[in-house]
Every structure is written in structure tokens, then in C-alpha cells.
Amino acid sequence: MSSLPTIATVIGSGTMGPGIAATLARAGATVRLYDISPDAIARAEAAYDVVRGVLESVDSPSAPGGSVSFGTDLDAALADTELIIEAVPEKLELKQKVFADLEARIGDDVIIATNTSGIPITTMAESMTVPARLIGMHWSNPPHLIPMIEVIPGEKTSSELVDQLIEIVKAFNYVPVLEKEIPGFVENRVLYAILRECMALLEEGIVTPEGLDACVKWGIGYKLSVVGPTRLLDMAGLDIYQAVSGYLNKDLDASTDTPQFIKDKIAAGQLGFKTNGGMYEYGDGDVDAKRKEIITGLIAARKTLASIPNV
Ligand SMILES: NC(=O)c1ccc[n+]([C@@H]2O[C@H](COP(=O)([O-])OP(=O)(O)OC[C@H]3O[C@@H](n4cnc5c(N)ncnc54)[C@H](O)[C@@H]3O)[C@@H](O)[C@H]2O)c1
Ligand SMILES: Cc1ncc(CO)c(C(=O)O)c1O
């Protein structure tokens, strides 16, 4: 296989599948998007049209030859494929069942990359016949806009596959980040450390949701989008970090479970955008408007970040 696979298959066409498929197709791959549910495929075809429009406005011109087809016929989706990207729900038993189903239908040389948010690759590979072909490929949401992918080998992943996946990611102009295996991987460990403290601050009434969003967006997010945390420490001074972390770290939230007020919201059917209410409430049309604002903001920020030096 040259760097980019000629044919790739995405398994699972929910939140992540259409954006992943569109990104590979834009780089020139023939992509088959498969789902077990015909309704999910219908939704994915509509989502793909939106994603394609977004890519037109943010990306360089698409490479010739790329395409996405949609379907619920697994054998058709797998014919001659070189790379399978699994994006089914985050349940270990389901993913293991999907891998068994795939392995019964494909040759030993076909790569299986999993978009798990953090289940250890070694655990997922335990039931596989060719565990060397499984590798973590963690895209960030929305996958067609966040140009970074975490690459996570399990204990049995072949080292050739690690090199190959890094080249594949570079071939569609994304930044591969190679990591050692750890639950949650790097991105979600950092995100969930931030979210744990944020939820504790809300639960204790220290700040309002609006205040928290403004503080994190401008005080942390804006800065960290230009300078990563390691360089940030050089900018601040390691002596300052020592002085503050010496008294602050022991005061930070250290709870090990999901906060009770989040559990209560979930029990009341408040899940966020998908139920028109979660941390905030949304009236008619508000969710669509917010989604559009977020995508517009991400496009503008990505263009700006791409045009400035990587510090
Ligand atoms: N949503 C995110 O922000 C995000 C970000 C990064 C990684 N991930 C990870 O990506 C994976 C998919 O997440 P998502 O948010 O797209 O999930 P989702 O629930 O939106 O979509 C999953 C899709 O998989 C389909 N599916 C279920 N069983 C299947 C099977 N046996 N064969 C084929 N398709 C099947 C469902 O019909 C559904 O359309 C998860 O592992 C998740 O942790 C999600
Ligand atoms: C809260 C949260 N949890 C998991 C993920 C993906 O693994 C994301 C994301 O945005 O990618 C997220 O926001």
C-alpha cells in the first residue's frame, strides 16, 4: 500500500463516521461507510453533504479519485479494503464482536484501526486471531476539522503497522501523535482532568456555567491553542509553576466518580444537544444555531492557526 490506502472502510456511521470517511475521501481514497442500521446510513448521507461543504471552505482542493459510498452490506463494504476504521459505540464487548465478524471476512494483511476514546488496545485485541493488525487511531470530534490523530499501539501491534499508520495520517495532512498505551490516551486524560475540576467548581457554586466557559475559553483555551502546555511552562517560568503547584495541587478536585449533579441531569433525560438541554437549555432552533456557530468558529480558528508559526 502507498501511504494512503486506495480503498478504506469505516465501520459505524454515527457522530464520527461521516467526518472520518470524508477526510480520507478528500485525500483521494475510495471509502465505504458501513453501518448495521439503515436509519444511521440515511442520517450519515445527510451529514456527509454538510461535512463536504465544511471541507470545501477549510481545506486545500480535494485530491482526484476520492469518493464515499454508504451501505449496510458488510461484505460489499470490505471487498478489497486495505484499512478498516472501527467507529461503533464505546463498548468493549461490542467492539470485540465486530472485530471477530471482520476477521472472519478479511485477509490477514488488512489493518484494523479503532477509534476508541480510551479502551486499551491490548484488551480489545485479546480475542482477535491476528492481534498484530489492531491499532488505536483516535480522532477528535469533529473529525473532519481537528487535524490531529493519536496513534496507539497495543502490546501485540506490529511495529511496521505503527510506522504505516503514521504515514497514512500524514498522507491526509493530519498530525499523528504516537503514544504509549494508557486508559483514555493522552487527549482524553488531559480533557478529563480539566472537566473534573470544572464540574467541581460548578457543583460548589464557585462560578456560573457562563463564567466558567468564558474563563476557560479565553484564559486557557485561547492561549493553549497557540502554545502547548510544555512551552507554556517555559513562558510562565518553572519557578512560578513550583510555587503555585506546591499549594494548589493538593486542593484540586480528586474525585473518582462522575459528579452527582451530572448523574441527576442524565436521569432527568438532559444529555445536551441531543435532548435540547444539558448544561444549558435550548429552545426551538437553538441547537442547530449553536452547532453552526461552533463549526464556523472552528473553521476560522483552524485557518488562523494554520497561518501562524507552530511555537
Ligand atoms: N463522539 C465523539 O465525540 C467521539 C470522539 C472521538 C472518538 N469517539 C469514539 O468513536 C466511536 C464511535 O463514536 P460515535 O460518537 O461516532 O458513536 P455513535 O453512537 O454516534 O455511532 C456509532 C454507530 O455505530 C453503529 N453500530 C452499532 N453497532 C454496530 C455494528 N455491529 N456494526 C456496524 N455499526 C454499528 C450505530 O448504528 C451507530 O450509527 C466510539 O468508540 C467513541 O468513543 C467518539
Ligand atoms: C467530553 C468528550 N469525551 C470524549 C471525546 C472523544 O474521545 C470528546 C471529543 O470531543 O472528542 C469529548 O468532548
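Position 1 is the first residue of the sequence; numbering continues from there. As the structure lists them, so they are numbered: ligands from 1, and atoms in each ligand from 1. No hydrogens, no waters, no symmetry mates; every other heavy atom, side chains included, goes into these values.
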Structural part of Glu187 in contact with ligand 2, heavy atom criterion under 4.0 angstrom: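 The answer is neither.
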
Is Asp288 salt-bridged to Lys292, going by a charged N under 4.0 Å from an acidic O?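 Looking at Asp288 and Lys292, the cut-off is not met.
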
Would you mind telling me if ligand 1 is within reach of the side chain of [X], the backbone, both or neither, using heavy atoms under 4.0 Å?
{"X": "Trp139", "result": "backbone"}
{"X": "Ser117", "result": "both"}
{"X": "Asp101", "result": "neither"}

If you count the non-hydrogen atoms of other residues, nucleotides and ligands that lie under 6.0 Å from CG in Asp73, is the total more than 12?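 Counting other residues, nucleotides and ligands, CG of Asp73 exceeds 12 neighbours.
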
For the residue pair Trp139 and Phe185, is the inter-centroid distance of their aromatic rings smaller than 6.0 Å?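 When the ring centroids of Trp139 and Phe185 are compared, they turn out to be at least 6.0 Å apart.
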
Just which atoms of ligand 1 are under 4.0 Å from any heavy atom in Thr116?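 Near Thr116, meaning under 4.0 Å from one of its heavy atoms, ligand 1 has 41 (O).
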
Closest candidate by heavy atom, reference [atom], pool [options]:
{"atom": "atom 1 (N) of ligand 1", "options": "Val10, Ile85, Asn188, Thr15", "answer": "Thr15"}
{"atom": "atom 28 (N) of ligand 1", "options": "Val98, Leu74, Thr72, Leu94", "answer": "Leu94"}
{"atom": "atom 30 (C) of ligand 1", "options": "Ile41, Ile119, Ile36", "answer": "Ile36"}

Does ligand 1 have any atom sitting under 4.0 Å from a heavy atom of Lys95?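 Yes.
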
With a 4.0 Å cut-off on heavy atoms, is Lys97 touching ligand 1?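 The answer is no: ligand 1 sits nowhere under 4.0 Å from a heavy atom of Lys97.
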
Test item: Val216 and Cys198 side chains (from C-beta on) under 4.5 Å apart, heavy atoms: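 Yes - at least one pair of side-chain heavy atoms lies under 4.5 Å apart.
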
Short N/O distance, under 3.5 Å, between [X] and ligand 1?
{"X": "Glu90", "answer": "yes"}
{"X": "Met16", "answer": "yes"}
{"X": "Asn141", "answer": "yes"}

Compute the shortest N/O to N/O distance between Tyr192 and ligand 2 and return yes if it is under 3.5 Å, no if not.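 For ligand 2, there is an N or O atom that lies under 3.5 Å from one belonging to Tyr192.
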
Top protein contact for [atom], by heavy-atom distance:
{"atom": "atom 13 (O) of ligand 2", "value": "Leu191 CD2, 3.8 Å"}
{"atom": "atom 19 (O) of ligand 1", "value": "Pro89 CG, 4.0 Å"}
{"atom": "atom 10 (O) of ligand 2", "value": "Asn141 CB, 4.0 Å"}

Checking [X] side chain against [Y] main chain: does a donor-acceptor pair fall under 3.5 Å?
{"X": "Arg32", "Y": "Ala79", "answer": "yes"}
{"X": "Lys95", "Y": "Val88", "answer": "yes"}
{"X": "Glu179", "Y": "Val186", "answer": "yes"}
{"X": "Lys265", "Y": "Gly278", "answer": "yes"}
{"X": "Gln96", "Y": "Thr123", "answer": "yes"}

Should the pair Phe273 and Tyr282 be assigned to parallel (<30°), tilted (30 to 60°) or perpendicular (>60°) ring geometry?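 Geometry flag for Tyr282 against Phe273: perpendicular rings.
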
